[in-house]
Amino acid sequence: MKFTNKIFKGDSFISLKDYSRDDILNVMQGISSYDDQNLKRFIPNKKKLIANLFYEPSTRTSSSFYAAATYLGHEVLSINNVQYSSIAKGESLEDTIRTLASYVHCIILRHPEEGAAYSATTVSNVPIINAGDGIGEHPTQTLLDLYTIYKEFKRLDRLTVTLMGDLKYGRTIHSLVQALDLFDVHINLIGPHDLKLPFKYYKEEYVENTVLTDWIAMATDVLYITRVQKERGAIGNYAFTEEDAKNLSATCIVMHPLPRNEELGDWFDSDPRAVYFEQMSNGLAVRKYLLGEILG
Ligand code: CP
């Protein structure tokens, strides 16, 4: 399904493959109208109830959706410790979604299985927002990634983006490459041989390497680093080094969806090219925008 106008009143938000270049450019404009410290002006007339249903750990996605909903004047029913819900008694995802959908106006779902968010839409009469489905996608992260790039460069075209890390299991990468493909972006893929981008996301024009060479670093506008997804069985060893930092241009930005491990040391945090905390902070505007548009 392709949306030709602004996102998505009453719709679910599951995968970047559902959106066009124009949709994304509209979204960038839309998010900026929510990227405002004057939170009160967004309080709607009608309070809604949103379920935050997280089967996997989360700090940023869960809490930024919670904060966004609260700032918009809504209330949140949080199920983050699923061991205290009937899921611990063996209840299926479908029955859990059917139950919550009868109580709330929208369900934000993080689940360990790829495709779970889409499955949830088939039994839900309220919108589902995919907050990460296993090794599948993390589309709301991609909106905040794109918005961070858009804020820095004022465009999403004519950029060289280098994706470095666990490209196989990293769902943020899977959503991001699909979105970047809609724009005039040159993509480099850097990572261990065993953690390559899955074939279904791969394009022949991508440049692949196992290390961040000096020539790739020098040409990069956006370096996007991800951690090894150890919880999914990934094994890999890589890190952004001081030598890499020297090879990046002064105008390059370094991003990371967080949480981070040894691949990105805190020695780089004070570098003006490090934007990963701003990126994380942009998640609030993105989630306010999504809830604002979806709940109407
Ligand atoms: N980037 C991200 O999804 O972080 P959390 O796992 O903390 O939500």
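Source: prediction; values computed, not measured. Just follow the structure's listing: the first ligand is 1, and inside any ligand the first atom is 1.
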Stepwise side-chain contact (heavy atoms from CB on, under 4.5 Å) test for Thr96 and Ile87: CA-CA 7 Å; Thr96 304; Ile87 293 160; 3.8 Å; yes
Within-cut-off N or O pair, Thr59 and ligand 1, under 3.5 Å: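 Yes, since at least one N or O of Thr59 sits under 3.5 Å from an N or O of ligand 1.
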Candidate with minimal heavy-atom separation from atom 3 (O) of ligand 1, of His138, Glu56, Arg171, His256: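 Among His138, Glu56, Arg171, His256, the closest heavy atom to atom 3 (O) of ligand 1 belongs to His138.
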Contact atoms of ligand 1, heavy-atom distance to [X] under 4.0 Å:
X: Pro257; result: 1 (N)
X: Gln141; result: 1 (N), 2 (C), 3 (O)
X: Arg110; result: 3 (O), 5 (P), 6 (O), 8 (O)

Distance under 6.0 Å and angle within 45° of ring axis: Arg110 vs Phe54: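 No, a cation-pi geometry is absent between Arg110 and Phe54.
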Main-chain N/O of Gly136 paired to His174 side chain as donor or acceptor, under 3.5 Å: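 Side chain of His174 to backbone of Gly136, a donor-acceptor pair under 3.5 Å: yes, one is there.
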Ring centre gap for Tyr201 and Tyr206 strictly below 6.0 Å: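 Distance test on ring centres: not under 6.0 Å, no.
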Protein heavy atom at shortest distance from atom 4 (O) of ligand 1: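 So the nearest neighbour among protein heavy atoms is Arg60 NE, 3.1 Å.
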Salt bridge Arg232-Asp166, side-chain N to carboxylate O under 4.0 Å: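 Salt bridge flag = no for Asp166 with Arg232.
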Geometric class of the His256/Tyr276 ring pair [parallel <30°, tilted 30-60°, perpendicular >60°]: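 Ring orientation, 0 to 90° scale: perpendicular.
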Ligand 1 contact on Leu258 by region, counting heavy-atom pairs under 4.0 Å: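 Under 4.0 Å from ligand 1, Leu258 contributes backbone atoms alone.
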